[in-house]
Amino acid sequence: MKVGIIGSGGREHAICEKLNISGKINKIFCFPGNAGTKEIAENVNLDLDDFKSIKNFILEKKIDIIIVGPEKPLVEGLVDYLEEFKIKVFGPNKIASQLEGSKIFTKKLCEKYKIPTAKFEIFKNREDAKQFCENCDYPKVIKANNIASGKGVYICNNNNDAKIAITEIFDGKFGKAKSIIIEEFLKGEEMSFFTIHDGIAFKNFSTAQDHKRVLEGDKGKNTGGMGAYSPSRLISEGLQQKIITKIIQPTLKGLYEMGSVYKGFLYTGLMIVNNEPYLIEYNVRMGDPECQTILPRLKTDLIDIILACCDKKLNQLKIEWLNKKSLCIVLCSNGYPDKFKKNVEIVGLENIKINQNNFLYHAGTINKNNKVYAVGGRVLNFVSISGEFDQAKKNIISNLNKLNWNDGFYRKDIGYKVIK
Ligand code: AMP
Ligand code: GLY
C-alpha cells in the first residue's frame with residue numbers, strides 16, 4: 001500500500017514513523033516533509049496551496065490513501081477537493097473544519113447546543129471592542145477569529161493589555177481580521193482530549209497536556225507547544241463521560257444538522273474547572289506536540305485505524321494502548337516564538353539514543369547535501385515512554401545533553417505537574 005502524508009512538522013514525522021513500522025505499507029510520501037521524514041519516505045516538494053498539483057501527483061503515483069496533518073489545508077477544503085477525484089482521504093471536510101477555522105462558528109454552535117464554554121462577546125470593529133473593555137472585569141481573553149495556531153490569543157489583565165490586543169488583531173497581525181472574540185477567563189487546568197471519527201462512530205484517542213507558553217513556569221508568549229505529556233493527570237471515567245455527553249456528542253449533532261459529518265482526528269481543548277469540562281477550542285487534527293507524545297503509546301496498527309475510519313468501520317476495531325507514560329520536550333531555535341535564525345546546521349544527531357522507548361521526531365528541519373539544518377521555530381521533538389514520567393524525562397534530558405545544540409533552547413520544566 002502507498003500512503004501520503006500532508007505536512008512537515010513533528011506531528012507528520014511521528015505519523016510517518018508509526019506507519020513505517022506497520023508492515024502493510026511499502027511506500028510513504030510526505031508533502032513536503034522534513035529532514036526526519038526524508039529518512040523513511042519520499043519528500044514531495046509541492047506547494048500545499050496548489051491542490052491541483054497535489055491531486056495530479058497522487059493519481060500519477062497511485063497513492064492509496066492521504067492523511068492530512070495540519071489545519072490549513074483542511075480548513076481550505078483539501079479533503080472535499082481530493083474526494084471529488086475518488087481519492088481516499090483521512091481528515092474532516094471544509095464545513096466540519098470550521099470547528100477550528102472559525103472560533104465564532106464554534107462559539108455559536110456552543111450557544112445553540114448548550115455546550116459549556118467561556119462566556120463571550122463578538123465585536124466587528126475596534127471601537128466597540130475597546131469601549132466594551134473600558135468597563136469590563138479582568139482578566140479577559142481576547143482572540144482573533146481566524147486560525148492563528150494558538151498565537152492569536154491574548155490573556156489581558158487590564159484595559160491597557162486589552163487595547164494592545166485589539167489593536168494588534170485589527171491591524172492584521174494574524175491575518176485579515178473581520179471580528180474578534182472577547183471571553184471570560186476560565187481558571188482551571190487545561191487538558192487536551194482526542195477522539196478519532198469515521199463519520200458515524202468515534203473512539204477515544206487518549207489525552208495529553210501541552211505546555212503552550214514559551215518560558216518555564218508557564219510564562220511568556222504563547223507558542224505552538226513547547227512539550228507535552230500523556231495521559232493527562234486529570235482524566236477519569238467520570239470526566240470522560242462528561243466530555244463526551246456535554247461537548248462532543250452535541251457538537252456532532254450540530255454538524256449533522258448542518259448536513260455534515262466528522263471524519264478524522266478531533267482535538268478538544270478543554271479547561272477543567274472543579275472537575276467540569278469547558279470547551280476552549282476545537283482543532284480538527286492531532287495536536288503538535290501532542291501527536292508525537294501520544295503515538296508512541298499506541299499498540300494498534302495506525303494504518304488499520306485510519307483505513308477503518310475511511311471505510312466507516314471504526315466500530316469493528318479495538319484501539320489498544322501501552323500502559324506507559326509518555327513525555328515530549330520540544331527543542332526550539334533561540335528567539336522562538338519571535339525572530340530566530342534559519343539554516344543553522346545541527347550536528348551530532350547520530351549521538352541521540354533511539355530505541356523502542358526513545359524517539360526523535362523532526363519538525364522545522366531540512367536535509368541539504370546530507371546535512372541537517374534548522375529552518376523552523378520548533379526544531380526537534382524528544383519523546384520517551386516509561387513506567388513513570390520522571391524516568392521518561394531523565395531519558396529525554398540525557399538525549400538532549402548528547403546533542404547539546406547551542407543554537408536552541410527548551411523548557412526544562414515540561415511535566416512539572418506530574419513530576420516532583
Ligand atoms: P486557544 O487558541 O483558543 O486554544 O487559546 C490558546 C490558549 O489560551 C489556551 O490553550 C489557554 O491556555 C488560553 N485560553 C484560551 N481561552 C481561555 C479562556 N477562556 N480562559 C482561560 N484561558 C484561555
Ligand atoms: N499543541 C497545540 C496545537 O497543536 O494546537
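In what follows, every heavy atom counts, from backbone to side chain, and hydrogens, waters and symmetry copies are set aside. Quantities reported herein were computed from a predicted structural model and do not represent experimental measurements. We count ligands from 1, going down the list as the structure has it; atoms in each ligand are counted the same way.
- Against a heavy-atom cut-off of under 4.0 Å, D210 is close to the following atoms of ligand 2: 1 (N), 2 (C).
- For K187, no heavy-atom contact with ligand 1 is shorter than 4.0 Å.
- Among V141, T106, V273, D210, the residue whose heavy atom sits closest to atom 17 (C) of ligand 1 is V141.
- Applying side chain to side chain contact (heavy atoms under 4.5 Å, CB included) to V330 and the options R378, H211, Q292 leaves one that passes, R378.
- H197 and Y262 have perpendicular rings, their planes meeting at more than 60° on a 0 to 90° scale where under 30° would count as parallel.
- A heavy-atom distance below 4.5 Å is found between the side chains of L403 and L331.
- A heavy-atom separation below 4.0 Å is not found between G269 and ligand 2.
- Short contacts between ligand 2 and E290, defined as distances under 4.0 Å to a heavy atom of the residue, involve ligand atoms 1 (N), 2 (C), 4 (O).
- No side-chain donor from either of N357 and S386 sits under 3.5 Å from a side-chain acceptor of the other.
- Residue contacts with ligand 2: R285 is included, with a non-hydrogen atom under 4.0 Å away.
- Using a distance-only test at 3.5 Å, with no hydrogens or angles considered, no donor-acceptor pair links the side chain of E281 to the main chain of G269.
- Between G224 and ligand 2, an N or O atom pair is found at a separation short of 3.5 Å.
- Annotation for ligand 1: atoms under 4.0 Å from non-hydrogen atoms of E184 are 18 (C), 19 (N), 20 (N).
- In this structure, Y361 and F359 have parallel ring planes: the angle between them is below the 30° cut-off, well short of the 60° mark.
- Short contacts between ligand 1 and I280, defined as distances under 4.0 Å to a heavy atom of the residue, involve ligand atoms 3 (O), 4 (O), 15 (C), 16 (N).
- No donor-acceptor distance shorter than 3.5 angstrom exists from the side chain of K341 to the backbone of A374, with no hydrogens or angles considered.
- The distance from ligand 1 to the heavy atoms of A118 drops below 4.0 Å at these ligand atoms: 19 (N).
- With a heavy-atom cut-off of 4.0 Å, M286 does not touch ligand 2 at all.
- Under a cut-off of 6.0 angstrom, the local environment of CG in N323 is sparse, with at most 12 non-hydrogen atoms contributed by other residues, nucleotides or ligands.
- For ligand 1, the polar-atom distance check against L186 finds a nitrogen or oxygen pair separated by under 3.5 Å.
- Against a heavy-atom cut-off of under 4.0 Å, F185 is close to the following atoms of ligand 1: 20 (N), 21 (C), 22 (N).
- Of the N and O atoms on the side chains of K342 and S333, not one donor lies less than 3.5 Å from an acceptor on the other residue.
- Which parts of ligand 2 touch G287 is read off a 4.0 Å heavy-atom cut-off, strictly below it: atoms 4 (O).
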Margin query: Walk me through whether T167 and K173 qualify under side-chain contact (heavy atoms from CB on, under 4.5 Å).
Written below: CA-CA 9 Å; T167 303; K173 189 167 178 188; over 6 Å; no

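- When the heavy-atom distances from atom 3 (O) of ligand 1 to K212, K143, E183, H211 are ranked, the shortest goes to K143.
- Taking the ring centre of Y113 as origin, the terminal cationic atom of K253 falls outside the region bounded by 6.0 Å and 45° from the ring axis.
- Annotation for ligand 1: atoms under 4.0 Å from non-hydrogen atoms of M271 are 21 (C), 22 (N).
- Checking I155, L279, I182 against atom 14 (N) of ligand 1, the nearest heavy atom belongs to I155.
- Under the 3.5 Å distance criterion, with hydrogens and angles disregarded, a donor-acceptor pair is assigned to the side chains of N358 and S384.
- Within the 4.0 Å heavy-atom cutoff, K103 counts among the residues contacting ligand 1.
- Residue E281 has no nitrogen or oxygen atom sitting less than 3.5 Å from a nitrogen or oxygen atom of ligand 2, judged on distance alone.
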